[in-house]
Amino acid sequence: MKRIYLAFTLLLISLSTYSQLNTDHYFYIARSRIYFGNYVSAIENFNIVIKLRPYLPEPYFYRGMAKLYIDDFRGSKADFDKAIEIKPYYPEAYMYRGMANYEMKNFKEALKDYSNALEYNQEDPNIYNNRGITKIAMEDFDGAIADYTRSIELKPSSANTYLNRSSAKQMKGDLDGAIKDCDAAVRIRPHFSSAYLVRGIAKFEKKDFAGALKDYDLCIRLDPKTSQAYVNRGIVKHQLNDLKGAIRDYDMAIQLDPNISAAWLNRGIAKESLKIPGSEKDLAMAAELDPKFASFKKRLDVEEEKEKQRRQYGFVLPNPGQNPNQIQANQQTNNATVQAKAQAKNNAAAAPNNPVLAAVDTTAYKQESKSGPVTQNRKRRNIVVADDGKISETDIKDGMVQNKNVKIVMQPDFVISIFNKDSVDYNRLQYYNMEIESLNTKNNNDPFLIISNKPFAYQSIHKESFKNLIEIWNNDIANDKKNSIAYLNRGIILEQSENFNGAIRDFSKAVDSDNRNLLAYFCRANSRAKMVDAIRAEGSLPEPEILNMSGGKTTIENKTGEVKILDYEDIINDYESILYMNPNFIFAWFNMANTKVKKRDYLNAINDYTKAISMEPDFSEAYFNRGLTRIYLNDLEGGALDLSRAGELGLTEAYNVIKRYCN
């Protein structure tokens with residue numbers, strides 16, 4: 001008995017050791033994935049570690065870091081929250097949570113996180129650097145400079161921090177101090193292209209155009225793909241009236257980055273000054289990329305008309321209905337505005353975004369003359385210096401970027417399908433269903449059926465094999481007119497062949513023969529839904545599974561008639577019949593929610609997705625669709641968290657939606 005007990009004890013010890021090694025294996029693989037930039041794979045491996053050892057703070061911390069790098073800021077914050085909950089004395093988690101809060105414009109929370117991090121680690125220069133970034137976002141320039149200075153004291157070799165402090169000094173108007181910091185950065189890293197770019201901005205503001213031009217030349221020589229350096233150099237040439245040279249630089253900037261609106265705008269202005277064709281197109285493109293630029297074209301048209309009137313009449317004609325006193329008042333106001341603009345500071349922009357280390361300032365566009373380049377007030381811009389030395393520029397007080405009017409396709413319905421290698425996503429969790437397993441057993445796995453939202457794609461090459469299967473079930477039905485399973489099987493093949501009318505007839509006969517045949521109800525509802533999709537594919541009705549992400553509800557003509565044509569209620573009734581028989585059939589909840597989205601019954605759709613998730617916590621498709629629906633209803637926070645969870649579970653397209661529409 002002692003030998004048996006000893007053997008059992010040794011077995012338990014060995015299993016525990018194997019589990020420990022196995023968990024460590026996944027943990028170190030996940031960390032290496034972060035190092036190599038494979039963040040989605042890292043998240044998948046951390047998921048495994050968290051399931052096995054949910055009491056450890058490190059997997060949550062590193063998973064949060066991976067999410068931060070792919071711009072899933074809310075998801076990363078949730079992971080950092082969990083890490084801090086488990087380990088309250090975790091300065092790295094506070095610092096990274098501060099970064100997530102900063103990206104979400106929660107500046108007060110970010111400042112608090114950095115301060116908490118410094119309570120536990122006062123010797124980390126990165127924390128001071130990031131707190132300085134946040135203070136500039138809150139327009140505490142002196143506090144930011146103090147933090148940058150402390151960061152430099154702790155790490156004098158950090159060229160990035162010198163550039164951050166340079167940016168802060170520019171915003172305070174200390175241009176000489178800003179240039180000295182750029183000089184220090186250049187001494188540390190002589191080939192640091194961004195240092196020349198930032199120094200060029202400061203020299204431009206000092207009206208040292210020759211010095212700015214030289215710095216932009218050096219920046220371009222060191223990094224020929226820095227689109228903003230071409231824009232800035234073009235602005236200098238534009239200011240010096242070298243319009244052709246400016247246009248060449250704007251051309252290059254647009255070639256490197258077609259989305260750089262300032263290049264389109266200034267090129268349009270330069271072309272208009274030289275009477276070169278294409279100015280209208282450039283100005284229109286600038287307005288499309290940045291709506292704030294639409295006013296410049298309108299203003300140019302007004303100024304041109306006024307100039308024409310001055311030449312023709314010697315004065316500007318009043319607007320119709322405007323009284324003379326108002327004209328005089330407007331002229332005085334305009335003169336004051338022109339004088340104020342002449343005193344404003346100039347600026348030029350920067351490059352791509354990085355969520356890690358950064359620096360700061362916001363936006364006010366100006367144009368000193370009708371033919372001059374459009375520049376930006378340096379005090380209203382946020383220059384960001386990342387770990388790799390690249391810089392970017394953002395607005396401080398513009399807040400959350402508004403959702404664009406784009407179309408996002410939701411995850412489709414789950415259906416019963418013949419197994420095919422294309423019907424399965426091997427990189428994601430596959431769902432087990434007892435009813436499908438039972439049907440496969442009755443059919444001796446011929447054909448082998450699965451439940452998937454990537455159904456078997458019918459092609460003409462399958463026609464013969466489908467014909468043989470239908471013959472088998474025709475014989476079964478001939479022998480037994482009440483054979484519910486045979487009707488169900490034949491209906492599945494007809495549905496796969498896109499013979500929806502025939503499939504619906506067979507599913508109805510299956511239900512008549514056995515009103516407890518749950519899968520027959522499920523398939524009939526799906527076939528009816530596919531008929532709806534077929535009608536929509538012909539363009540006769542608006543797409544229901546596509547949400548207008550602008551937040552406005554799509555207007556539908558004759559909505560009552562539409563519901564009648566689409567027969568949504570019959571589809572929902574079938575799903576409800578399934579749930580009456582088996583309330584845990586998650587695919588019925590999911591498909592019914594999709595149908596309610598088509599009906600624009602969004603709140604009840606969210607409830608159904610929630611029900612499916614409560615039964616299957618790893619139901620990524622339900623998280624994805626619920627997230628999109630919430631965003632449509634202006635619940636941006638809830639929608640982003642749902643999409644984060646969907647991405648965490650393997651639906652990687654969720655991260656693209658988060659990055660584009662939630663941040």
Side-chain angles (χ1 to χ4, degrees), residues 72 74-75 77-78 400 402-403 405-415 429 431 453 522 525-526 529 532-533 542-556 559 562-563 566 568-580 582-651 653-658 660-663:
D72 178 11
R74 291 169 182 81
K77 181 182 178 297
M400 199 72 73
Q402 295 299 314
N403 292 327
N405 188 15
V406 297
K407 292 182 177 180
I408 302 294
V409 179
M410 302 180 76
Q411 289 293 304
D413 291 347
F414 279 82
V415 299
L429 173 72
Y431 303 106
N453 70 340
F522 185 68
N526 292 340
V532 172
D533 293 340
E543 293 288 348
E545 73 278 12
I546 294 178
L547 294 181
N548 180 339
M549 300 303 287
S550 66
K553 295 180 174 55
T554 308
T555 55
I556 301 297
K559 185 175 178 181
E562 181 198 357
V563 173
L566 302 184
Y568 287 129
E569 294 307 321
D570 286 345
I571 298 171
I572 291 173
N573 287 339
D574 276 344
Y575 290 134
E576 288 178 341
S577 297
I578 296 164
L579 295 170
Y580 177 78
N582 181 3
N584 296 321
F585 195 79
I586 61 170
F587 306 107
W589 287 110
F590 179 84
N591 288 7
M592 185 163 69
N594 279 359
T595 305
K596 288 178 180 178
V597 168
K598 295 175 183 179
K599 281 189 67 181
R600 296 169 178 80
D601 183 6
Y602 301 113
L603 293 177
N604 283 320
I606 287 173
N607 291 337
D608 290 345
Y609 290 131
T610 302
K611 193 74 175 177
I613 290 167
S614 69
M615 297 171 189
E616 175 51 75
D618 293 340
F619 202 165
S620 58
E621 292 85 357
Y623 280 108
F624 186 87
N625 284 5
R626 188 176 71 175
L628 290 183
T629 309
R630 281 177 163 172
I631 291 171
Y632 177 73
L633 295 176
N634 292 324
D635 178 10
L636 190 65
E637 190 73 21
L641 288 171
D642 275 346
L643 291 170
S644 173
R645 180 63 176 151
E648 186 181 302
L649 292 169
L651 264 179
E653 55 262 48
Y655 291 122
N656 186 39
V657 178
I658 291 170
R660 294 171 63 194
Y661 309 117
C662 298
N663 294 333

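Since this is a predicted model, take the numbers as computed values, not measurements.
The distance from atom CG of Asn594 to atom CG of Asn453, rounded to the nearest 0.5 Å, is 9.0 Å. Atom CG in Asn625 sits 3.5 Å away from atom CE in Met410 (nearest 0.5 Å). Ile613 CD1 to Phe590 CZ: the interatomic distance, rounded to the nearest 0.5 Å, is 9.5 Å. Atom OG of residue Ser577 and atom CD1 of residue Ile572 lie 12.0 Å apart, to the nearest 0.5 angstrom. If you take CG on Leu579 and CE on Met592, they are separated by 5.0 Å, rounding to the nearest 0.5 Å. For the atom pair Leu641 CG and Lys77 NZ, the distance stands at 9.0 Å (nearest 0.5 Å).
The residue from Asp608, Asn591, Asn607, Asn604 that alone fulfils the side-chain hydrogen bond (donor to acceptor under 3.5 Å, both in side chains) condition with Lys596 is Asp608.
With contacts defined as side-chain heavy-atom distances shorter than 4.5 Å, the pair Ile631/Leu643 qualifies. Contact annotation: the side chain of Asn584 never approaches that of Glu616 to less than 4.5 Å [non-hydrogen atoms, C-beta and beyond]. Looking at Leu633 and Ile606, their side chains come closer than 4.5 Å, going by heavy atoms from C-beta outward. Looking at Thr629 and Phe624, their side chains never come closer than 4.5 Å, going by heavy atoms from C-beta outward.
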Evaluate the side-chain contact (heavy atoms from CB on, under 4.5 Å) criterion for residues Tyr655 and Glu648: first the C-alpha distance (whole Å), next the side-chain angles of each, then the deciding distance (0.1 Å), finally the verdict. CA-CA 9 Å; Tyr655 291 122; Glu648 186 181 302; 4.2 Å; yes
Check against side-chain contact (heavy atoms from CB on, under 4.5 Å), Arg74 and Leu636: CA-CA 10 Å; Arg74 291 169 182 81; Leu636 190 65; 4.0 Å; yes
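Taking all atoms of both residues into account, the shortest heavy-atom contact from Ala605 to Val597 is CB-CG2, 3.7 Å. Between Ala654 and Gly647, the shortest heavy-atom contact is CB-N, 3.8 Å. In terms of heavy-atom proximity, Tyr609 sits nearest to Ala593 at CE2-CB, 3.3 Å.
In this structure a side-chain-to-backbone donor-acceptor pair under 3.5 Å is missing from Tyr602 to Tyr632. Side-chain atoms of Trp589 come within 3.5 Å of backbone atoms of Pro583 as a donor-acceptor pair (strictly under, hydrogens ignored). Side chain of Tyr623 to main chain of Leu651: no donor-acceptor pair is present (N/O by atom type, distance under 3.5 Å, no hydrogens or angles).
For Asp642, the salt bridge (Lys or Arg N to Asp or Glu O under 4.0 Å) partners at least two apart in sequence or on another chain are Arg626, Arg630. With sequence neighbours left out, Thr595 forms a side chain to side chain donor-acceptor pair (under 3.5 Å) with no residue at all.
Using cut-offs of 30° and 60° for the angle between ring planes, the Phe522 and Phe585 rings count as perpendicular.
Centroid-to-centroid, the aromatic rings of Phe414 and Phe619 come within less than 6.0 Å.
Salt bridge status for Arg645 with Asp618: present, with a side-chain N to carboxylate O gap under 4.0 Å.
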